[in-house]
Amino acid sequence: SQKIEQNSEALNIQEGKTATLTCNYTNYSPAYLQWYRQDPGRGPVFLLLIRENEKEKRKERLKVTFDTTLKQSLFHITASQPADSATYLCALGRTGTASKLTFGTGTRLQVTL
Amino acid sequence: GAVVSQHPSWVICKSGTSVKIECRSLDFQATTMFWYRQFPKQSLMLMATSNEGSKATYEQGVEKDKFLINHASLTLSTLTVTSAHPEDSSFYICSAPSSYTDTQYFGPGTRLTVL
């Protein structure tokens, strides 16, 4: 069965450092992978999308990589700030499925001063 | 950016009653909307795909007679939890896909508590 795992349930880092979150999947051939941010009691907010033929995408302090051989995506937040503290979800999708997404378990990031 | 709203944001009801949750796309049209359920410290689980003008498509294991979905217009989908029980208590979130990309716009969620 399909499985999407994110490296750890929680990640604590110091302000200014780079946070690296991992998303691994099995029994799935995604056409694209997305990262979302979710704050407590709120719906997810889209951050980045990377397609199967792309290796890396950047947006401001965010960077995502996608390795379809390793079946893994890495999500980096550079110069992290306390405001980056949230749960980050990876989600996989295929073309022709009307944008249907399968979500990972999420990683709760805590950035401390 | 596109905005999706949900109403109510939270609801408490007695066991056996029915609860309706609305999902609206405020500044764009959505022929498809998705309904998710999220239990504490767990990920989003897709319940069903709501299709404007036709029947919803339910994921395996989701009871269609218990979770009634109606997509009455291009901007409104409703989820009705019928004969709610305490185990239905959860965070229900809807989303609508972008017309131009493969991303989704999520509503703020509805916290349902069944006593």
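Labels below follow one simple rule: chain letters A, B, ... track the order of the sequence lines, proteins then strands, and each chain is numbered from 1.
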Fill in: A:R42 side, atom CZ; B:S9 side, atom OG - distance, nearest 0.5 Å
9.0 Å
Discussion item. Is there a path of hydrophobic side-chain contacts, each under 4.5 Å between heavy atoms, that joins B:F34 and B:M45?
Written reply: no
Worksheet item: Is A:L47 reachable from B:L44 through a run of hydrophobic residues whose side-chain heavy atoms are each under 4.5 Å from the next?
Response: no
Fill in: Joint hydrophobic cluster, A:Y88 plus A:F66, side-chain heavy atoms closer than 4.5 Å
yes
Item to complete: Determine whether more than 12 heavy atoms belonging to other residues, nucleotides or ligands lie under 6.0 Å from atom CD of B:E87.
Response: yes
Discussion item. Sub-4.5 Å heavy-atom contacts with chain B: which residues of residues 103-113 of chain A show up?
Written reply: A:F103, A:G104, A:T105
Fill in: Atom group of B:L46 that falls short of 4.5 Å from chain A, counting heavy atoms
side chain
Worksheet item: Crowded around B:K20 NZ? As in, over 12 foreign heavy atoms under 6.0 Å?
Response: no
Worksheet item: Are the side chains of B:P97 and A:L101 in touch, meaning some heavy atoms are under 4.5 Å apart?
Response: no
Worksheet item: In Å and rounded to the nearest 0.5 Å, what is the CG to CD distance from A:L49 to B:Q104?
Response: 11.0 Å
Item to complete: Determine whether more than 12 heavy atoms belonging to other residues, nucleotides or ligands lie under 6.0 Å from atom NE2 of B:H7.
Response: no
Discussion item. Taking A:Y36 as the starting point, is it possible to reach B:F91 by hopping between hydrophobic residues whose side chains are less than 4.5 Å apart?
Written reply: yes
Discussion item. If you count every heavy atom of other residues, nucleotides or ligands that lies below 6.0 Å from A:E9 atom CD, does the total exceed 12?
Written reply: no
Worksheet item: Can you find a side-chain donor-acceptor pair between B:Q38 and A:Q38 that sits under 3.5 Å?
Response: yes
